[in-house]
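So the structure is just underneath, and the comments pick up after that.
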Amino acid sequence: MASDHLPSNREIPDTRNSMCRSKGYKKDLPSTSVIITFHNEARSTLLRTVVSVLNRSPEHLIKEIILVDDFSDNPDDGLELAKIHKVRVLRNDKREGLMRSRVKGADAAVASVLTFLDSHCECNEKWLEPLLERVAENSSRIVCPIIDVINMDTFQYIGASADLRGAFDWNLIFKWEYIDYKERQRREKDPTEVILTPIIAGGLFVIDKPYFAKLGKYDMMMDIWGAENLELSFRTWQCGGSLEIVPCSRVGHVFRKKHPYTFPGGSGNVFARNTRRAAEVWLDEYKELYYQAVPLAKTVPFGDISERLELRKKLQCKPFKWYLQHVYPELQVPNKIFTPGRPTSIRQGHMCMDTMGNLLDSIVAMFQCHNNGGNQQWTYTDSGYIRHHDICLEVRDVYKGSEVLMKICDGNDNQKWKLIQPGGMIRHARYPLCLDSRYARFKGILAERCNSALESQRWQIL
Ligand code: LR7
Ligand code: MN
């Protein structure tokens with residue numbers, strides 16, 4: 001009702017940072033096919049999506065708008081819209097879900113760049129140019145606008161924060177997360193700079209069409225809704241591409257509290273099945289952390305994934321561990337996954353335990369992780385030593401605040417440490433002292449009284 005009472009070409013506030021307004025874009029941008037899949041979308045909302053694309057994009061950049069009607073109850077919803085200039089409508093003869101519907105739209109597209117939108121969006125001023133420019137520059141980028149909020153009750157258009165990126169926890173549910181302090185500072189200097197994101201929200205993005213094909217489109221055995229954005233995100237990063245949010249592009253989206261459509265198979269089952277498919281193909285040993293977080297998922301069959309594994313092999317994609325180290329080092333990884341005896345880094349977010357090239361009798365420090373082993377390579381052995389070549393970490397005193405020194409491994413008890421779970425603390429085998437990075441900048445890593453509430457005592461072995 002709220003939507004029906006508003007004109008399809010209504011004004012909305014320009015929510016961009018003022019620095020975006022003076023920004024110019026390349027003249028020779030490629031044109032795009034806009035693909036919108038829908039199932040039982042409100043007509044006025046769907047119409048407004050289409051109208052906003054046509055009204056707020058330069059005419060020559062929109063090759064066509066492909067609407068994929070995913071077997072909505074009333075075929076006229078789409079057919080009516082086919083009368084509009086540039087609009088083509090494809091209709092599924094059974095319910096397929098958004099993944100297969102989008103692939104159908106993509107396969108039919110004639111432009112060399114694809115733009116996906118949900119069926120309840122409103123494109124804002126100059127939304128398209130900055131997206132196309134990033135993809136034209138480098139075809140392995142998948143780029144998203146900042147997604148503004150269209151209130152689901154009033155349809156009021158509200159600007160979203162420009163300091164968010166896409167993220168997830170081990171339940172593999174998408175969430176927004178504030179970018180960290182350093183990144184905020186970088187963006188304060190230039191608010192038009194893109195934000196790299198570990199995950200994309202999934203509905204609104206631009207991608208080069210040949211790249212979409214090369215990367216394996218979508219998993220065609222995923223159904224209805226959910227987890228395809230995670231799968232595409234892992235795949236993109238692990239197989240050499242990147243995901244970014246372009247802050248000078250703004251598109252509104254109606255965020256809803258529940259699915260306004262049926263879910264053949266039950267929403268829980270379908271979501272778990274899709275998520276399992278993503279986890280089984282891309283997460284390697286880390287999939288166990290998902291099953292620990294969502295034990296019930298294990299009971300949901302996920303079908304055959306051999307084609308997707310084949311794709312991963314063909315594209316020579318990197319392991320998930322690489323993704324965790326380079327793309328999303330902020331994600332807390334419980335150390336359960338780690339196998340004793342294997343060389344790893346010992347880290348806190350982007351910072352790693354580092355010998356700093358010092359040798360015997362020196363302290364150990366923290367340094368930006370470089371993921372190349374070297375001074376940041378440690379082996380936590382079966383018997384509890386933290387080794388770097390012949391050197392072992394040894395506590396100097398038995399008091400809190402004791403220095404931790406690099407000593408020749410000689411098997412003495414002051415060199416023995418225990419991993420405490422949950423929490424990721426590294427506790428001395430005999431004393432209630434834990435490795436702590438609090439004063440690492442001045443005194444190196446110390447052994448402090450154990451306190452699981454301290455971030456400086458939580459370590460990841462990765
Ligand atoms: O069976 C279906 N067939 C469809 O064609 C089910 C849905 N759809 C269509 C639907 O009409 C809509 O246009 O697919 C589109 C997405 O469905 P929504 O709007 O119900 O999804 P959402 O906005 O709640 O969810 C987000 O996560 C989804 C995971 O599968 C998709 O990636 C959505 O595109 C995505 N939306 C966004 O990224 C917008 C920002 C929301 C956030 C966060
Ligand atoms: Mn949506």
Side-chain angles (χ1 to χ4, degrees), residues 3 34-43 45-50 53 65-74 77-78 81 89-106 114-123 127 142-152 158 160-161 164-168 172-177 197-207 218-219 222-233 236 243 245 249-267 270-275 277-278:
S3 173
V34 177
I35 297 159
I36 302 169
T37 76
F38 66 96
H39 176 78
N40 288 353
E41 183 61 72
R43 282 190 180 198
T45 313
L46 179 57
L47 173 65
R48 193 173 300 106
T49 308
V50 172
V53 170
I65 300 176
I66 300 178
L67 301 179
V68 185
D69 174 357
D70 188 12
F71 200 55
S72 300
D73 295 344
N74 188 345
D77 292 359
L81 294 166
V89 180
L90 312 174
R91 179 171 158 90
N92 295 336
D93 48 24
K94 63 176 196 319
R95 180 85 177 275
E96 298 285 358
L98 69 91
M99 304 80 179
R100 288 192 292 277
S101 302
R102 282 184 193 163
V103 172
K104 180 178 188 155
L114 308 172
T115 300
F116 292 99
L117 292 178
D118 273 12
S119 47
H120 31 261
C121 290
E122 273 174 273
C123 302
W127 69 289
I142 296 183
V143 301
C144 311
I146 290 184
I147 305 175
D148 286 335
V149 178
I150 302 172
N151 181 289
M152 63 174 237
I158 306 155
S161 162
L164 296 170
R165 62 176 192 169
F168 63 94
L172 300 186
I173 294 175
F174 175 86
K175 63 170 189 180
W176 296 105
E177 173 181 280
T197 184
I199 298 284
I200 57 170
L204 290 57
F205 64 95
V206 173
I207 185 170
Y218 277 120
D219 178 346
M222 284 191 180
D223 298 318
I224 308 295
W225 178 97
E228 94 294 341
N229 58 325
L230 262 92
E231 194 273 342
L232 176 62
S233 301
T236 303
L243 307 176
I245 296 171
S249 173
R250 295 268 183 168
V251 178
H253 168 264
V254 184
F255 285 81
R256 305 181 285 200
K257 291 201 183 69
K258 53 179 199 224
H259 304 288
Y261 42 73
T262 59
F263 247 86
S267 64
V270 173
F271 184 63
R273 179 187 140 99
N274 292 345
T275 308
R277 292 185 66 82

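Ligands are counted one by one from 1 in listed order, and the atoms in each one are counted from 1 as well. Please read all numbers here as calculations on a predicted model, not as lab measurements.
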Main-chain N/O of Ile245 paired to Thr197 side chain as donor or acceptor, under 3.5 Å: no
Between the side chains of Glu96 and Lys94, is the shortest nitrogen-to-carboxylate-oxygen separation below 4.0 Å, so that they form an ion pair? yes
Working to the nearest 0.5 Å, report the span between CG of Asn229 and OH of Tyr218. 8.0 Å
Short question: side chain of Arg273, backbone of Asp223 - any donor-acceptor pair under 3.5 Å? no
Test your reading of the model: is there a side-chain donor-acceptor pair from Thr115 to the backbone of Val206, 3.5 Å cut-off? no
Find the distance between CG (Leu204) and SG (Cys123) and round it off to the nearest 0.5 Å. 7.5 Å
From the list Ile147, Thr49, Asp148, side-chain contact (heavy atoms from CB on, under 4.5 Å) partner of His253 resolves to Ile147
Write down, by chain and number, every protein residue that brings a non-hydrogen atom to less than 4.0 Å from an atom of ligand 1. Thr37, Phe38, His39, Asp70, Arg95, Gly97, Leu98, Arg102, Asp118, Ser119, His120, Ile147, Phe174, Trp176, Ala201, Gly202, Gly203, Leu204, Ile224, Trp225, Gly226, Glu228, His253, Phe255, Arg256, Tyr261
Would you say His120's side chain and Thr45's backbone share a donor-acceptor pair under 3.5 angstrom? no
Would you mind counting protein N, O or S atoms that sit less than 2.8 Å from the Mn ion (ligand 2)? 3
For Ser72, is there any backbone N or O sitting under 3.5 Å from a side-chain donor or acceptor partner on Asn40? no
